[in-house]
Protein chains: 2
Amino acid sequence: MKKEFQKFQGYLSGHGLKMTKTRELVFKEIFSSPAVHPNAYDVHRRLRAKRKDVSLATIYRTLNLLVKTGLVSEIDLGEDHSHYEPERNKIAHGHLICLSCGKVQEFRNEEIQGVIDRIGEEKGYTLDKFSIEVFGFCQKCKKG
Amino acid sequence: MKKEFQKFQGYLSGHGLKMTKTRELVFKEIFSSPAVHPNAYDVHRRLRAKRKDVSLATIYRTLNLLVKTGLVSEIDLGEDHSHYEPERNKIAHGHLICLSCGKVQEFRNEEIQGVIDRIGEEKGYTLDKFSIEVFGFCQKCKKG
DNA sequence: TTTAATGCAAACATTTTGCACCCTG
DNA sequence: CAGGGTGCAAAATGTTTGCATTAAA
């Protein structure tokens with residue numbers, strides 16, 4: 001996470017932008033627990049719980065900035081808003097989403113990365129990123 | 001497509017709902033060209049071009065209904081609205097999206113289906129469906 | 001001290017909903 | 001002809017933006 005934060009600082013200074021207390025807070029909210037993948041409102045709520053009042057507008061602005069730097073990725077978990085998580089490029093991972101309780105679990109798989117690389121090659125694409133969302137029912141919900 | 005339409009009719013009558021001219025039009029708009037994956041507004045525009053005026057509200061209502069029946073799936077192509085396509089369950093397919101021109105191309109791969117089934121088993125999930133979106137730059141855009 | 005960052009409220013885009021009227025079964 | 005379907009306009013959601021003020025470099 002230290003390396004990513006330095007990369008963020010580098011991006012900002014390289015673009016005439018400034019590092020602020022607020023940007024640091026949002027950055028840390030995303031990077032301190034990668035498996036949380038909060039949405040913008042979650043970040044807002046989590047910060048407020050820590051007595052850090054940051055407006056939703058600024059949270060959106062900062063998240064968009066982090067996405068632009070390539071440090072954060074925006075994911076769609078089947079709801080009507082985006083979620084965010086640190087970009088762990090090179091490590092293929094997807095999300096397993098329970099259609100009943102909404103729980104989101106990550107999975108990792110190297111085979112898929114290989115298959116997708118091959119598909120890109122076949123179709124003549126230079127690949128940038130991919131997302132896999134798998135929907136089903138978790139063990140707990142199957143029983144209930 | 002005939003089979004799917006019958007399934008739609010069966011769902012409606014089984015739920016005390018009615019088949020209408022409008023529902024048939026929306027259904028056909030989705031099923032007549034599976035690779036179009038239009039959004040709600042596209043469906044509206046395409047119908048209007050055929051002198052069939054159906055309100056956006058009804059299009060949304062019908063698309064949601066078709067998704068509920070399992071006949072249509074809602075996909076996220078990285079824009080800020082949903083797209084729709086016939087559900088071709090059992091046939092794993094993903095979307096290859098060009099980050100420059102926005103072109104969407106489908107791909108099919110059996111290997112991925114196998115890998116995902118295995119992941120579901122490992123984690124104790126009963127899988128329902130999955131979506132794969134791969135982003136990159138198409139051949140044409142790489143040159144330009 | 002210059003220029004970017006922030007908060008607020010208004011604007012936007014997409015999708016949903018309440019209600020009066022229309023149509024299917 | 002009873003109950004669901006539709007269009008319209010208004011509401012609801014999630015996200016972005018203009019502007020006056022604050023703060024980083």
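In what follows, chains are A, B, ... by sequence order, proteins preceding strands, each numbered from 1.
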Contact check, side chains of A:V54 and A:L25, non-hydrogen atoms, under 4.5 Å = yes
Would a distance-only check, ignoring hydrogens and angles, find a side-chain to backbone donor-acceptor pair under 3.5 Å from A:K7 to A:T69?
-> no
Backbone of A:A35 reached by a side-chain donor or acceptor of A:H37 within 3.5 Å = yes
Between which nucleotides of DNA chain C, 5' to 3', does chain B make heavy-atom contacts below 4.0 Å?
-> C:dT14 to C:dG25
Check the distance between D:dG14's P and A:I59's CD1 and give it to me in whole angstrom.
-> 14 Å
Length of the line joining B:R23:CZ and D:dG4:P, which is rounded to integer Å | 11 Å
Mind grabbing the angle between the end helix axes of the helix from C:dT1-D:dA25 to C:dG25-D:dC1? Five pairs an end, 10° rounding.
-> 40°
B:R48 has an atom CZ; how far is it from atom C1' of D:dG7, in whole Å?
-> 14 Å
Does B:T20 have a side-chain nitrogen or oxygen under 4.0 Å from the phosphate oxygens OP1 or OP2 of D:dG5?
-> no
Look at all strands and tell whether B:S82 reaches a base, only sugar-phosphate, or nothing, counting heavy atoms closer than 4.0 Å.
-> sugar-phosphate
Side chain to side chain contact (heavy atoms under 4.5 Å, CB included) between B:L17 and B:R23: does it pass, once the steps are laid out?
-> CA-CA 11 Å; B:L17 305 176; B:R23 286 183 173 159; 4.1 Å; yes
Test: B:E29 and B:K52 ion pair at under 4.0 Å | no
Are A:H93 and A:P34 close enough that some pair of their side-chain heavy atoms sits under 4.5 Å apart?
-> no
So, A:D117 versus A:Q113: side-chain donor-acceptor pair below 3.5 Å or not?
-> yes
Quickly work out the B:L25 CG to D:dG5 C1' distance and round it to whole Å.
-> 14 Å
Nucleotide D:dG4, atom P - distance to CG of B:L17 in whole Å | 8 Å
Spell out yes or no: do the side chain of B:R61 and the base of D:dG7 have one donor N/O and one acceptor N/O closer than 3.5 Å?
-> yes
How is B:T22 classified with respect to the nucleic acid when contacts are heavy atoms under 4.0 Å: base, sugar-phosphate, or nothing?
-> sugar-phosphate
Each residue besides A:I97 in its hydrophobic cluster should be listed here, by chain and number; the cluster joins Ile, Leu, Val, Met, Phe, Trp and Tyr at side-chain heavy-atom distances under 4.5 Å.
-> A:I75, A:L77, A:L99, A:V104, A:F135, A:F137
Atom-to-atom span, NE2 of B:H44 to C1' of D:dC8 - whole angstrom = 12 Å
Expressed in angstrom and rounded to an integer, what is the separation of A:L63 atom CG from D:dG14 atom C1'?
-> 13 Å
Return the 5'-most residue of the pair B:V54, B:G16 with respect to DNA chain D, ranking by each residue's nearest nucleotide.
-> B:G16
So, B:E24 and B:K28, do they make that salt bridge, N to O below 4.0 Å?
-> yes
Report yes if some heavy atom in the side chain of B:E85 is under 4.5 Å from a heavy atom in the side chain of B:E106; otherwise report no.
-> yes
side-chain N/O A:Y60 vs D:dT15 OP1/OP2, d < 4.0 Å = yes
Using atom NZ of B:K21 as one end and atom P of D:dT6 as the other, report the distance to the nearest whole Å.
-> 13 Å
Contact nearer the 5' end of DNA chain C, comparing B:N39 with B:K18 | B:N39
